[in-house]
Amino acid sequence: MEVGQLQRSFVEYMASLFREGFLDAQFSQLQQLQDDSNPDFVVEVVSLFFEDSERLLNDLTMALDQPNVDFKQVDAHVHQLKGSSSSVGAQRVKNCCVPFRNCCEEQNTETCLRCLQQIKQEYLLVKNKLQTLFELEQQIVAAGGAIPMVQ
């Protein structure tokens, strides 16, 4: 695929991620912080988000699997996940955290488990979407092009 076509695909794909609510303005702000002195900034920050999220999702799974669920601990993990997803602009993951925190307040294990499944699903979706975006960026650079700035 030629550079211009890759760049158009990139712009269209980015627009779809915002239109479908996977990403919000925070992701755009992250991109604006990336420059020639730190060309991998966004990938590095998002990779940390992936690592952190997977650890938190595992912690949540284990915490909700206990015979006596510590809802304060579960809520603390959800609060952390909400913060990290918010910091990278993973809007749909962040939005799933609000009802999850309400379930913690109600101390309802079954509803918490449903919320956990929803968050896991949204996390995997945004992870796959961002990995596709980063692969597209790599293809553009490998073809000798520049990554288009999307507003």
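The figures here come from the full heavy-atom set of this structure, side chains too, leaving out hydrogens, waters and symmetry mates.
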Can you confirm whether [X] sits close enough to [Y] that some side-chain heavy atom of one is under 4.5 Å from a side-chain heavy atom of the other?
X   : Y    : answer
E51 : L48  : yes
F22 : E122 : yes
V74 : F100 : yes
F27 : M14  : yes
S85 : N95  : no

Side chain of [X], backbone of [Y]: donor and acceptor closer than 3.5 Å?
X    : Y    : answer
S53  : F50  : no
Q31  : V42  : no
Q29  : A25  : no
N38  : Q34  : no
Y13  : K129 : yes
S86  : G83  : no
R92  : E20  : yes
R101 : C97  : no

What is the distance from atom [atom1] of [X] to atom [atom2] of [Y], rounded to the nearest 0.5 Å?
X    : Y    : atom1 : atom2 : result
L124 : L57  : CG    : CG    : 8.0 Å
Q139 : Q5   : CD    : CD    : 11.0 Å
L23  : Q91  : CG    : CD    : 8.5 Å
L116 : Y123 : CG    : OH    : 13.0 Å
F134 : D40  : CZ    : CG    : 10.0 Å
S84  : K94  : OG    : NZ    : 12.0 Å

Work out which heavy atom in [X] is nearest to a heavy atom in [Y]; give both atom names and the distance.
X    : Y    : value
L64  : T109 : O-CG2, 4.1 Å
C112 : F71  : SG-CE2, 3.9 Å
C115 : C103 : SG-SG, 3.6 Å

Could you give me the CA-CA distance, side-chain angles and deciding distance for M62 and D59, then say whether side chain to side chain contact (heavy atoms under 4.5 Å, CB included) is met? CA-CA 5 Å; M62 290 190 320; D59 290 350; 4.2 Å; yes
If you apply the rule side chain to side chain contact (heavy atoms under 4.5 Å, CB included), what do you find for F49 with S87, and how did you get there? CA-CA 9 Å; F49 164 68; S87 71; 5.8 Å; no
Same apolar cluster (I L V M F W Y, side chains within < 4.5 Å links), V98/L60: no
I'd like to know whether Q131 forms a side chain to side chain contact (heavy atoms under 4.5 Å, CB included) with K127, so could you lay out the CA-CA distance, the side-chain angles of the two residues, the decisive distance to 0.1 Å, and finally the verdict. CA-CA 6 Å; Q131 286 174 328; K127 181 178 181 182; 3.4 Å; yes
If you measure from the Lys or Arg side-chain nitrogens to the Asp or Glu carboxylate oxygens, is any gap between D75 and K72 under 4.0 Å? no
Evaluate the side chain to side chain contact (heavy atoms under 4.5 Å, CB included) criterion for residues V3 and Q7: first the C-alpha distance (whole Å), next the side-chain angles of each, then the deciding distance (0.1 Å), finally the verdict. CA-CA 6 Å; V3 175; Q7 290 169 325; 3.6 Å; yes
Does a sphere of radius 6.0 Å around CD in E2 hold more than 12 heavy atoms from other residues, nucleotides or ligands, not counting ones at 6.0 Å or beyond? yes
